[in-house]
Undergrad: 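Quick one: structure below, then a few questions.
Worth saying up front: this structure is predicted, and the values here are computed from it rather than measured. Labels below follow one simple rule: chain letters A, B, ... track the order of the sequence lines, proteins then strands, and each chain is numbered from 1.
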Protein chains: 2
Amino acid sequence: MDAEQLAECFKAMGDRTRIQILALLKVEDLCVCELVEILGISQPSVSQHIRKLKNAKLVKERRQGKWIFYSLDGSLYPYIHAVLDTFPDLREKIEELKTNGQKVVCD
Amino acid sequence: MDAEQLAECFKAMGDRTRIQILALLKVEDLCVCELVEILGISQPSVSQHIRKLKNAKLVKERRQGKWIFYSLDGSLYPYIHAVLDTFPDLREKIEELKTNGQKVVCD
DNA sequence: AAGACATATAGACATATGCTTATATAACTA
DNA sequence: TAGTTATATAAGCATATGTCTATATGTCTT
């Protein structure tokens, strides 16, 4: 992999908010509106962070009804799971979301 | 490790020039003046990149006479070697340096 | 078909980044 | 000690980044 492409991957991970997004997706797949609630930033801001993570092939998407669920894409970087292991555990944030009845449920 | 600290590490790796520096240090320890030759950018620019890598604890230094040699510091990030394995092999760049008689030799 | 909801894109703005030149600091050498 | 070489820091500038509000697009529901 060339230096430019590697840099793009690390640049994508080089932001506090995107680290949190990856740490959250480590727990479970989430959609933008859920990330907005948890992170406390605007919806467009979340969308743009997601776009960078997608461009870097760190995240992939799956549409389900009117929601788009995002999940980790480990296919491109063999070390990605070792890296994610060192990320903070944000399980609790997602629990709060469920407690507050803000978790998206689709069937 | 918290999101802020993780982001600093990845931000440090999120630049083409610093990727190259790390890839070069993977081959052998180098000083600033050697990196200037190989990378073809100004000495202050190299020094500033090195500073970021040092702040992120990705690189450590060792003074030898009037030179300061920089080397990889793998102590903080357990996955760092797996990551560095995917970096380009720049051994040839260092060979060129030696061929041109620009390698620093101290005894 | 019309309205509601989820997500994406555009534009604006403040801050961060990477580069340069000029200068300061540190260590060796004659 | 004076000069030379290596590295670091400062200041300035152009570009990139992250955020917001406003608006567009896409999907479902009634």
Side-chain angles (χ1 to χ4, degrees), chain A residues 3-4 6-22 24-25 29-56 58-71 97 101-107, chain B residues 3-4 6-22 25 29-56 59-71 97 101-107:
Chain A
E4 198 59 55
L6 284 161
E8 198 198 333
C9 165
F10 294 121
K11 223 176 286 187
M13 290 199 284
D15 176 87
R16 195 190 118 81
T17 301
R18 290 194 292 272
I19 293 278
Q20 287 182 288
I21 292 176
L22 292 171
L24 288 161
L25 295 183
D29 300 0
L30 295 167
C31 58
V32 169
C33 61
E34 292 170 328
L35 289 166
V36 167
E37 286 303 324
I38 297 173
L39 298 169
I41 57 178
S42 70
Q43 173 266 312
S45 189
V46 171
S47 281
Q48 303 206 37
H49 284 303
I50 288 285
R51 176 163 53 176
K52 295 205 174 189
L53 293 171
K54 268 197 318 190
N55 288 343
L58 286 163
V59 150
K60 55 185 195 292
E61 67 183 46
R62 154 179 60 87
R63 183 175 274 277
Q64 185 134 7
K66 62 185 165 182
W67 298 276
I68 299 174
F69 282 86
Y70 293 95
S71 58
L97 198 72
Q102 293 175 308
K103 187 78 186 71
V104 168
V105 181
C106 27
D107 37 16
Chain B
E4 198 58 57
L6 284 162
E8 198 198 334
C9 165
F10 294 121
K11 224 176 288 187
M13 290 199 283
D15 176 86
R16 194 190 119 82
T17 302
R18 289 194 292 273
I19 293 276
Q20 287 184 286
I21 292 176
L22 293 171
L25 295 182
D29 299 1
L30 294 167
C31 59
V32 169
C33 60
E34 293 171 327
L35 288 166
V36 167
E37 287 303 324
I38 297 173
L39 299 169
I41 56 177
S42 70
Q43 173 267 311
S45 189
V46 171
S47 281
Q48 300 196 37
H49 284 301
I50 288 285
R51 178 164 50 177
K52 294 205 174 186
L53 293 170
K54 269 196 320 190
N55 287 343
V59 149
K60 55 185 195 291
E61 68 182 44
R62 153 180 60 87
R63 183 175 275 278
Q64 186 134 6
K66 62 184 164 183
W67 297 277
I68 299 175
F69 282 86
Y70 293 95
S71 58
L97 199 72
Q102 293 175 309
K103 187 79 186 71
V104 167
V105 182
C106 29
D107 37 20

Undergrad: Once side chain to side chain donor-acceptor pair (under 3.5 Å) is applied, do any residues pair with B:Ser47, and if so which ones, sequence neighbours excluded?
TA: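 By the side chain to side chain donor-acceptor pair (under 3.5 Å) rule, B:Ser47 matches B:Gln43.
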Undergrad: At their closest point, which heavy atom of B:Cys9 faces which heavy atom of B:Ala56, and how far apart are they?
TA: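 That would be CA-CB, 4.1 Å.
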Undergrad: Whole angstrom is fine here: how far is it from CD in B:Glu8 over to C1' in D:dT17?
TA: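 For the pair B:Glu8 CD and D:dT17 C1', the rounded distance is 17 Å.
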Undergrad: Could you go through nucleotides 26-29 of chain D and list every protein N or O atom that sits under 3.5 Å from one of its N or O atoms, giving the distance for each pair?
TA:
none

Undergrad: Taking only residues two or more places apart in sequence, or in another chain, which ones meet A:Asn55 in a side chain to side chain donor-acceptor pair (under 3.5 Å)?
TA: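 Result, side chain to side chain donor-acceptor pair (under 3.5 Å) vs A:Asn55: none returned.
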Undergrad: Apply side chain to side chain donor-acceptor pair (under 3.5 Å) to B:Arg51 and list each qualifying residue two or more places apart in sequence or on a separate chain.
TA: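 Partners of B:Arg51 by the side chain to side chain donor-acceptor pair (under 3.5 Å) criterion come out as none, since no residue qualifies.
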Undergrad: Go through residues 9-21 of chain A and report each residue with a non-hydrogen atom lying under 4.0 Å from DNA chain C, sorted by number.
TA: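 Contacting residues: none.
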Undergrad: Please write out the pairs of protein N or O atoms and N or O atoms of nucleotides 21-23 of chain D separated by less than 3.5 Å, giving the distance to one decimal.
TA:
none

Undergrad: Does a side-chain heavy-atom distance below 4.5 Å link A:Leu35 with A:Ile50?
TA: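 With C-beta onward as the side chain, the pair touches.
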Undergrad: To the nearest 10 degrees, what angle separates the axes at the start and end of the helix from C:dA1-D:dT30 to C:dA30-D:dT1, five pairs each?
TA: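 Answer rounded to 10°: the end axes differ by 20°.
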Undergrad: Write out all pairs satisfying side-chain hydrogen bond (donor to acceptor under 3.5 Å, both in side chains) with one or both partners inside residues 9-22 of chain A, taking only residues at least two apart or from two chains.
TA: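 Residue pairs passing side-chain hydrogen bond (donor to acceptor under 3.5 Å, both in side chains), neighbours aside: A:Arg18-A:His49.
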Undergrad: Nearest 0.5 Å, please: how far is CD in A:Glu37 from SG in A:Cys31?
TA: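 Here the interatomic distance stands at 10.0 Å.
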Undergrad: Among residues at least two apart in sequence or on other chains, which ones pass salt bridge (charged side-chain N to carboxylate O under 4.0 Å, His left out) with A:Lys54?
TA: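 Counting only residues at least two positions away or on another chain, A:Lys54 forms a salt bridge (charged side-chain N to carboxylate O under 4.0 Å, His left out) with A:Glu61.
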Undergrad: Could you tell me the boundaries of the chain B footprint on DNA chain C, defined by atoms under 4.0 Å from its heavy atoms?
TA: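 Contact span on the strand: C:dT17 to C:dC28.
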Undergrad: Quick check for you: to the nearest 0.5 Å, what is the distance between A:Ile19 atom CD1 and B:Phe10 atom CZ?
TA: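 Answer for the CD1-CZ pair, A:Ile19 versus B:Phe10, is 5.0 Å.
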Undergrad: With B:Glu34, which residues qualify under salt bridge (charged side-chain N to carboxylate O under 4.0 Å, His left out), at least two apart?
TA: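 Listed in chain order: B:Lys103.
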Undergrad: Please report the interatomic distance CD1(A:Ile68) to CG(A:Asp29), rounded to the nearest 0.5 Å.
TA: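 One gets 13.0 Å once the value is rounded to the nearest 0.5 Å.
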Undergrad: Take atom CD1 of B:Ile68 and atom P of D:dT5, then tell me their distance rounded to the nearest Å.
TA: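 From B:Ile68 CD1 to D:dT5 P: 18 Å.
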Undergrad: B:Leu25 and B:Leu30: which non-hydrogen atoms are nearest, and at how many Å?
TA: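 For B:Leu25 and B:Leu30, the tightest heavy-atom pair comes out as CD2-N, 3.7 Å.
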Undergrad: By the 4.0 Å heavy-atom rule, please label B:Tyr70 as base, sugar-phosphate, or nothing.
TA: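 Answer is sugar-phosphate: B:Tyr70 comes under 4.0 Å of backbone atoms only.
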Undergrad: Nearest-Å distance, CG (A:Leu39) to C1' (D:dT19)?
TA: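 Taking atom C1' of D:dT19 as the reference, CG of A:Leu39 is at 13 Å.
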Undergrad: Going by side-chain contact (heavy atoms from CB on, under 4.5 Å), name the residues that satisfy it together with B:Lys60, two or more places apart in sequence or in a different chain.
TA: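 Listed in chain order: B:Ser71, B:Asp73.
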Undergrad: Nearest 0.5 Å please: distance from the CD1 atom of A:Ile38 over to the CG atom of A:Leu24.
TA: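 Rounded to the nearest 0.5 Å, the CD1-CG separation comes to 5.0 Å.
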